[in-house]
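Chain letters run A, B, ... following the sequence lines, proteins first and then strands; every chain starts at 1. Note that the coordinates shown come from a computational prediction; the quantities given were computed from them, not determined experimentally.
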Amino acid sequence: MSLLNDLINLDLTDSTDKIIAEYIWIGGSGMDLRSKARTLPGPVSDPSKLPKWNYDGSSTNQAPGDDSEVILYPQAIFKDPFRRGNNILVMCDAYTPAGEPIPTNKRFNAAKIFSHPDVVAEEPWYGIEQEYTLLQKDTKWPVGWPVGGFPGPQGPYYCGVGADKSFGRDIVDSHYKACLYAGVNISGINGEVMPGQWEFQVGPSVGISAGDQIWIARYILERITEIAGAVLSFDPKPIPGDWNGAGAHTNYSTKSMRNDGGFDIIKKAIEKLGLRHKEHISAYGEGNERRLTGRHETADINTFSWGVANRGASVRVGRDTEKDGKGYFEDRRPASNMDPYVVTSMIAETTIIWKP
Amino acid sequence: MSLLTDLINLNLSDCTNKIIAEYIWIGGSGMDLRSKARTLSGPVADPSKLPKWNYDGSSTGQAPGEDSEVILYPQAIFRDPFRRGNNILVMCDAYTPGGEPIPTNKRCNAAKIFSHPDVAAEEAWYGIEQEYTLLQKDVKWPIGWPLGGYPGPQGPYYCGVGVDKAYGRDIVDSHYKACLYAGINISGINGEVMPGQWEFQVGPSVGISAGDELWVARYILERITEIAGVVLSFDPKPIQGDWNGAGAHTNYSTKSMRNDGGYEVIKKAIEKLGLRHKEHIAAYGEGNERRLTGRHETADINTFLWGVANRGASIRVGRDTEKAGKGYFEDRRPASNMDPYVVTSMIAETTILWKP
């Protein structure tokens, strides 16, 4: 396969100005990523300078066959870690030919919320902890698990090292560097409590870019697992029983929370979230009821609770924040398959705009 | 997998100032290494300039779930041989949010002993000979050994060469270079008497750095065995019967021992160690009684004896030291699974501070 790699890794900058742009969008299920590539005459760094494009929405459950064109609007550019050179990844959202966002386009509404003057003034920061599980390709059983059986119980795997405790690190480490290369604000990684499960964190990102960056990071991860021959799962409870689920804890702060006196702002914000618990939960990912049981470091899905350093609560406030009297808090409810456009904008909407 | 390797080996210094820092700590069993990574804004060479961090102690047996934050204090920086560039490994120790060392934190007390003025004045040097066994992944039987059987008896394997005598050299050699790259003072390696068993030596290191360097060397070794798909064992007697155990002989000297007349100081120090034999043995590693039998180049666990060039003694003094009238001695009692913070500081405490 080395001759193929030579070709994949060709540096075209010596022979042409042309670049390749991979346009990425979210498909009809709200979780399936799609992409296709086109040639552009030269390097581009401003998304508004990129041409709109279109795709066959009838093949992604997003348009009928007799009127299948869905229009792609480029929204954010990242460096392509696979093609490198001046080649780019382009995060897009989807519209009808008439210019209306299609129903699965959650970015559009999020962008509206994030451009509301009250929200803009508060400069909302997000740090999202994306958990995921790696599965063996044909059995869909987690990597490192014996087929037809189970590994030893949870305990040794969280941040673990060693061939019997850590499964899939090459995927995780290549993803870390690929994201940094791409310009994604990836802030860390760790092995998770369930073997074969990992986490990466993106942030702090401001407003709408939190969603763009998570989606691009997810895309890069799925491209990397494709190379590695492992299947990527964002299911919130991939294995029933005494095995942790997968979440997307969302850390959040506004300018007021980060300034002196912020701890009171934080408490008021958490109160408002508590009053809209059901609405948030219904938007925090499909299948979350299998994960939010009150066990395995979660709070029960029907209960809203918060606490300092309490991993069994819906919302957790760190000890540093309590000590400094300002900082941020962590919404632990979102599932790994949440849509970051929806979750980030909803948290901003409830805490900044909504009046009980 | 070469495309994955291209990504893992990306040199990010061309496109960003950011670096990745892998924070390493010791988990709840006292022997399980844990680590996770974070992005920093630029290169760092001084551990005191690194931010403290925290981890979920309830997942490592080190904190309860409702108060789970354990704080990581960076103590020593090494270059990351896996990520290279400006990326670093950071050896940490663990504290409660209140600033107290947690019970499994043995470094804190060791650092206290090493900063005692009498100990600091004596400039304690350590050379630690870390033995370990490599096991096949799913069966936990030593590598190179036939499944369901045994290799030929010990004899050909010590420092042996050849496919029928040396098993796992690629792990050992990659570890050697990786440690040198990282900045660890690794002084040598050799194949051991039992097939599948190896040894590396770290030193001479002064005071607390002996423990830091050995722990990071162990971490690098476990990362390498993870890549190789082999399980790393520090069990002091992995195979019962006529097979050598695994130790961590600790060579030791103070300024007085290294100067003229040092041999008398050495003899006095060994006497003191003899008076505290039981206390030392209790701190020299779990399961050591299976190893210290009086056979296989060990002294019986209940006996304290020393001698020149005697590998069957608890303490061995080299012929060079005897001839020169100064030098160092070797405590052969510690097991391979000893904690170097405990052993090095206890030897210093007994020989320099303790009065019989």
Side-chain angles (χ1 to χ4, degrees), chain A residues 1-2 4-5 8-9 79 81-82 84 146 154-167 169-178 180-183 185-193 199 201 220 224 227-229 244 297 307-313 316 318-320 322-323, chain B residues 1-12 14-16 18-21 23-25 27-29 32-39 52-56 58-61 63 65-69 71 82-83 85 87 97 135 137-138 140 218-219 222-223 225-232:
Chain A
M1 230 31 73
S2 166
L4 233 53
N5 288 348
I8 290 178
N9 291 335
K79 290 170 70 184
F82 307 100
R84 299 188 284 280
Q154 296 182 151
Y157 312 109
Y158 170 75
C159 300
V161 188
D164 52 344
K165 285 160 283 187
S166 172
F167 311 124
R169 190 191 296 272
D170 51 352
I171 290 170
V172 184
D173 274 352
S174 51
H175 179 251
Y176 200 163
K177 280 196 174 179
L180 283 174
Y181 177 93
N185 196 4
I186 182 167
S187 43
I189 56 116
N190 63 270
E192 267 303 330
V193 176
E199 170 181 315
Q201 306 100 32
I220 291 173
I224 284 175
I227 294 169
N244 274 29
E297 303 173 274
V308 176
N310 184 356
R311 281 182 157 80
R316 166 173 157 263
R319 290 215 172 278
D320 281 352
E322 183 191 40
K323 196 156 53 120
Chain B
M1 222 42 64
S2 166
L3 291 176
L4 228 56
T5 310
D6 293 337
L7 291 170
I8 292 178
N9 290 336
L10 266 179
N11 183 356
L12 296 170
D14 303 321
C15 57
T16 178
K18 292 180 179 181
I19 66 150
I20 303 172
Y23 281 49
I24 301 164
W25 72 95
S29 77
D32 56 314
L33 280 159
R34 309 274 179 159
S35 77
K36 57 174 180 161
R38 70 187 296 182
T39 308
K52 291 188 171 74
W53 206 6
N54 64 77
Y55 67 94
D56 175 9
S58 68
S59 289
T60 59
E66 64 276 8
D67 191 9
S68 59
E69 271 182 36
I71 315 301
F82 306 100
R83 296 195 177 103
N87 304 304
L135 307 175
K137 190 161 78 97
D138 297 319
K140 305 280 178 79
R218 286 175 172 179
Y219 175 81
E222 190 141 39
R223 285 285 302 272
T225 53
E226 182 186 313
I227 294 170
V230 161
V231 170
L232 174 63

Salt bridge or not between [X] and [Y]? Use side-chain N to carboxylate O under 4.0 Å.
X: B:K137; Y: A:D164; answer: no
X: A:R316; Y: B:E69; answer: yes
X: B:E226; Y: A:K165; answer: no

>> To check you understand the geometry: which heavy-atom pair defines the closest contact between A:A178 and B:L7, and what is its length?
In response: CB-CD2, 4.2 Å

With a 4.5 Å heavy-atom cut-off, do [X] and [Y] have their side chains touching?
X: A:C159; Y: B:T60; answer: no
X: A:F82; Y: B:L3; answer: no
X: A:L180; Y: B:I20; answer: yes
X: A:H175; Y: B:I8; answer: no
X: B:K52; Y: A:D320; answer: no

Which portion of [X] sits near chain B, non-hydrogen atoms under 4.5 angstrom:
X: A:N244; result: neither
X: A:K79; result: side chain
X: A:V161; result: both
X: A:I8; result: side chain

>> One pair to check against side chain to side chain contact (heavy atoms under 4.5 Å, CB included): B:K18 and A:I186. What are the steps and the verdict?
In response: CA-CA 10 Å; B:K18 292 180 179 181; A:I186 182 167; over 6 Å; no

>> side chain to side chain contact (heavy atoms under 4.5 Å, CB included), that's the test. Do B:N9 and A:K177 meet it? Break it down for me.
In response: CA-CA 8 Å; B:N9 290 336; A:K177 280 196 174 179; 5.6 Å; no

What part of [X] is in contact with chain A, defined as an atom under 4.5 angstrom from a non-hydrogen atom: side chain, backbone, both or neither?
X: B:L12; answer: side chain
X: B:S29; answer: neither
X: B:N87; answer: side chain

Inter-residue atom distance [X].[atom1] - [Y].[atom2], 0.5 Å rounding:
X: A:Y181; Y: B:D14; atom1: OH; atom2: CG; answer: 9.0 Å
X: A:D173; Y: B:T5; atom1: CG; atom2: OG1; answer: 11.5 Å
X: B:E222; Y: A:S166; atom1: CD; atom2: OG; answer: 9.5 Å
X: A:E199; Y: B:K36; atom1: CD; atom2: NZ; answer: 8.0 Å
X: A:N9; Y: B:S2; atom1: CG; atom2: OG; answer: 7.0 Å
X: B:I227; Y: A:R169; atom1: CD1; atom2: CZ; answer: 8.5 Å

>> Heavy-atom pairs under 4.5 Å with chain B - which of A:I189, A:V308, A:I171, A:N190 has more of them than the others?
In response: A:I189

>> Under a 4.5 Å cutoff for heavy-atom pairs, which residue among A:P156, A:G188, A:G183, A:S187 has the most contacts with chain B?
In response: A:S187

> Is the closest side-chain donor-acceptor distance between B:S59 and A:Y157 under 3.5 Å?
Replying inline: no

> Side chains of A:N5 and B:D6: is there a donor and an acceptor less than 3.5 Å apart?
Replying inline: no

> If only atom types and distance count, is the side chain of B:R34 paired as donor or acceptor with the main-chain N or O of A:Y158 below 3.5 Å?
Replying inline: yes

> Between B:C15, B:S35, B:G28, B:A63, which has the largest tally of heavy atom pairs under 4.5 Å with chain A?
Replying inline: B:S35

